[in-house]
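Heads up: the structure comes next, in structure tokens.
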Amino acid sequence: MSSNQIESVLKENRTFAPPQKFIDNSVLSQADFDALNARAEEDHAGFWGDLARAEIDWQQDFEQALDDSNAPFFKWFVGGKLNVSHNCIDRHLADKADKLAFIWENDAGDEVRRITFQEFHDEVCRFANGLKALGVGKGDRVVIYMPMVPEAVYAMQACARIGAIHSVVFGGFSSEALRDRINDAEAKLLITADGNLRGGKEVPLKSMTDKALDAGCPSIEKSVVLLHGGLDVSMNPDRDISWADVVAGQATECEPEWVDPEHPLFILYTSGSTGKPKGVQHSSGGYLLGAIMTNKWVFDLHADDVYWCTADVGWITGHTYICYGPTAVGVTQIMFEGVPTYPDAGRFWRMVQDHNVTIFYTAPTAIRALMKAGDDIPKDYDLSSLRLLGTVGEPINPEAWMWYRETIGKNNCPIVDTWWQTETGSIMISPLPGQTTLKPGSCTRPLPGIAATIYDEEGNEVTQPNVGGYLVVTKPWPSMLRTVWGDDQRFRDTYFFKFGDRVYIAGDSAQRDDDHYFWILGRIDDVVNVSGHRLGTMEVESALVAHKAVAEAAVVGFPHEVKGEAIMAFVVLKTGYADEEGLDQELRKHVTEQLGALARPEEVRIAEGLPKTRSGKIMRRLLKSIAKGEDITQDTSTLENPAILDQLRG
Ligand code: PRX
């Protein structure tokens, strides 16, 4: 977020109480939430234990809600046994077998699939049996690299059913990024598709997969290919098997594998300060509880809701608010293969109208892009089915918030601005739509049982209003990550580096206002949030220096109207290479090949050197100012080569 935006967020003093109709129809009342908060305050572990017993089907009851004897390696619901897929599917069959679990639209908008919970069950079981026949079992890792099709969710749920650990890699990531993730997880199986259309453009998943596997993924035994997009692909008979062949002749029943609540459900890679993405490891029992409770509390779900979370299953939002949460609570949801602006910027609104969507959850970057397209477009559609709007992924600027409220919600829908992270597993700080008075740009207050607060450098709680500090969580919560896959030390070093083993450090800075509302100020580490997606600047720098012409690179984020933040790269060439016409474009393309289009720098500036202190440290703050086009007010006296600044200004 730019400093202008931060300023406008912090000066924001408009408030919006929930509409009376919404209050009257809320599933839970203020008194219910008061009771939940009081119980959490009185007995934190017992509070979560009660909910776990009430909301999850256990094959074997647990003995202890929380084992915190080995912080920060917390264990929840010790002694229990459950299966996540059973909880998301089987338990609905008694009374919701014919209810729609999914309404799926393809990219072009000329195909709609309607899938009941019974069909969902049958497809997941057939695929789970197929996985078993391929030799996949409990604890094996399975990488899923698929388009937004129902089969992606079937694959995730099938893994959960047999106790295999999935790791979904977003289809927009490059083959190099895919290979790194497969190898870090030592995955046995890969599930992909021939490819698909996204925004009318072909995404050749199978050929990207081939490139990754051919470059060396020794742990992979087989690759399952869903023939979906009609792309012409070559199948390697020793390795590739079609989805249709995997499920052929398989039964529509598959006994779930009952697992310990701590059994890893999935690994999801995310960026941090260092070059290598971290495999965030989530549990089965605690994660499921977080997904269920937040879906109920934040989205006020009713039996007849039509819920739509527009995220991709390659991100945590698609895990918790498509694959697991909504299915576990048995709501009908929309799943969408395409993008918000294809075939035009009315696509989302047309789908809301056609499917009578009641709850709509998206990212600020999408809202900004659609806002830019103009007010006339949403006016062409009947959006009166909407009753609740949500956002996630990055701070939302008040302008975009107001547009969302007025133009999409017709001043009738509460907006839940939900703060959370890949690591937290589920929403942590968010308005309760029937209770909370909203302020545009604030995620308001922590949910029941979530001990989020703000610490200063010394680890004292910041109690004064409008003073920034570290956003921390001082008590474990069920859906928190359990470790970094294969690297307990990195888990500790990343999230518990400053205030002991019981204080989780989110990596964001935040402050509270007079009403104790939280305002997220941004990351404290070298992470850039591009269109709501986290990218480590080191990752992009490593990709750049892998190019033959590049000697050194520094990457910073700068404010972008639609993406929130974008990337600017400063590059120094190796001797013998000149800043030739088109080199900056080649470098942008190179980063796309290495990491994926998300990481492509908006701009590459080539100079003879980078601003460094005399001890050789790159002065990133200076680069940030340059990227923002600001005047340089910082002290440059320690700079070794001040003349370089003029070149970098471009
Ligand atoms: O900086 C915060 C920002 O996104 C980061 C988490 O990114 P990721 O793990 O990719 O998960 C995104 C989806 C949950 C956070 O550290 N962020 C997320 N939600 C918000 C936000 N910043 C401000 N307001 C939010 N509502």
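Just so you know, ligand 1 is whichever comes first in the structure, and atom 1 is the first atom listed for that ligand.
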Practice prompt. Could you see which bit of C443 sits under 4.0 Å from ligand 1, with heavy atoms only: side chain, backbone, both or neither?
Written response: neither

Item to complete: Indicate yes or no: does D305 engage R387 in a salt bridge with an N to O separation below 4.0 Å.
Response: yes

Worksheet item: Which residue and non-hydrogen atom of the protein lie closest to atom 7 (O) of ligand 1, and at what distance in Å?
Response: R534 CD, 3.0 Å

Worksheet, complete the sentence: For T422, the ligand 1 atoms with a heavy-atom partner under 4.0 Å come out as 8 (P), 9 (O), 10 (O), 11 (O)

Discussion item. If you take the centroid of each ring, where Trp contributes its six-membered ring, are Y495 and Y504 closer together than 6.0 Å?
Written reply: yes

Item to complete: Could you tell me whether V527 approaches ligand 1 through its side chain, its backbone, both or neither, with non-hydrogen atoms closer than 4.0 Å?
Response: neither

Worksheet item: Which atoms of ligand 1 are found less than 4.0 Å from any heavy atom of I520?
Response: 22 (N), 23 (C)

Worksheet item: Which of the atoms of ligand 1 are close to N529, meaning less than 4.0 Å from one of its heavy atoms?
Response: 3 (C), 4 (O)

Item to complete: Find all atoms of ligand 1 within a distance of less than 4.0 Å from any non-hydrogen atom belonging to D417, and give their numbers and elements.
Response: 24 (N), 25 (C), 26 (N)

Discussion item. For atom 13 (C) of ligand 1, what is the closest protein heavy atom, and at what distance to 0.1 Å?
Written reply: T317 OG1, 3.5 Å

Item to complete: May I ask whether G393 places a heavy atom under 4.0 Å from ligand 1?
Response: yes

Discussion item. Could you go through W485 and D184, starting from their C-alpha distance and side-chain angles, then the distance that decides it, and tell me whether this counts as side-chain hydrogen bond (donor to acceptor under 3.5 Å, both in side chains)?
Written reply: CA-CA 8 Å; W485 177 254; D184 189 78; 4.7 Å; no

Discussion item. To check your reading of the model: name the closest protein heavy atom to atom 23 (C) of ligand 1, its residue, and the distance in Å.
Written reply: P395 N, 3.2 Å

Worksheet entry | Qualifying residue for ring-ring contact (aromatic ring centres under 6.0 Å, His included) with Y321, from Y361, W315, W308, Y307 | Y361

Discussion item. For a salt bridge (Lys or Arg N to Asp or Glu O under 4.0 Å) check, start with the C-alpha distance between R347 and E105, then their side-chain angles and the critical distance, and finish with the verdict.
Written reply: CA-CA 11 Å; R347 181 65 187 267; E105 263 204 28; 2.8 Å; yes

Worksheet item: Parallel under 30°, tilted from 30 to 60°, perpendicular over 60°: which one fits the rings of H319 and Y324?
Response: tilted

Response to the item:
Checking heavy atoms under 4.0 Å, the part of E394 that sits near ligand 1 is backbone

Worksheet item: Of all the non-hydrogen atoms in the protein, which one sits nearest to atom 2 (C) of ligand 1, and at what distance?
Response: D508 OD2, 2.9 Å

Fill in: F173 ring center within less than 6.0 Å of Y145 ring center
no

Worksheet item: Could an N or O of ligand 1 be found under 3.5 Å from any N or O of I316, whether backbone or side chain?
Response: no

Worksheet item: For atom 16 (O) of ligand 1, which candidate among M428, H319, R523 holds the nearest heavy atom?
Response: R523

Response to the item:
Between the CG atom in D417 and the CH2 atom in W519, the distance rounded to the nearest 0.5 Å is 9.0 Å

Fill in: Which of the ligand 1 atoms, numbered from 1, are nearer than 4.0 Å to a heavy atom of V392
13 (C), 14 (C)

Worksheet item: Closest heavy-atom contact between E394 and T365?
Response: OE2-N, 3.1 Å

Worksheet item: Under 4.0 Å from ligand 1, counting heavy atoms only, is it the side chain of H533, its backbone, both or neither?
Response: neither

Discussion item. Looking at R14 and E406, is there a salt bridge between them, counting it only when a charged N and a carboxylate O are closer than 4.0 Å?
Written reply: no

Practice prompt. Identify, by atom number and element, the atoms of ligand 1 in contact range of T418, meaning under 4.0 Å from any of its heavy atoms.
Written response: 19 (N), 20 (C), 25 (C), 26 (N)

Item to complete: Keeping the roles fixed (side chain from S509, backbone from I524), state whether a donor-acceptor pair exists under 3.5 Å.
Response: no

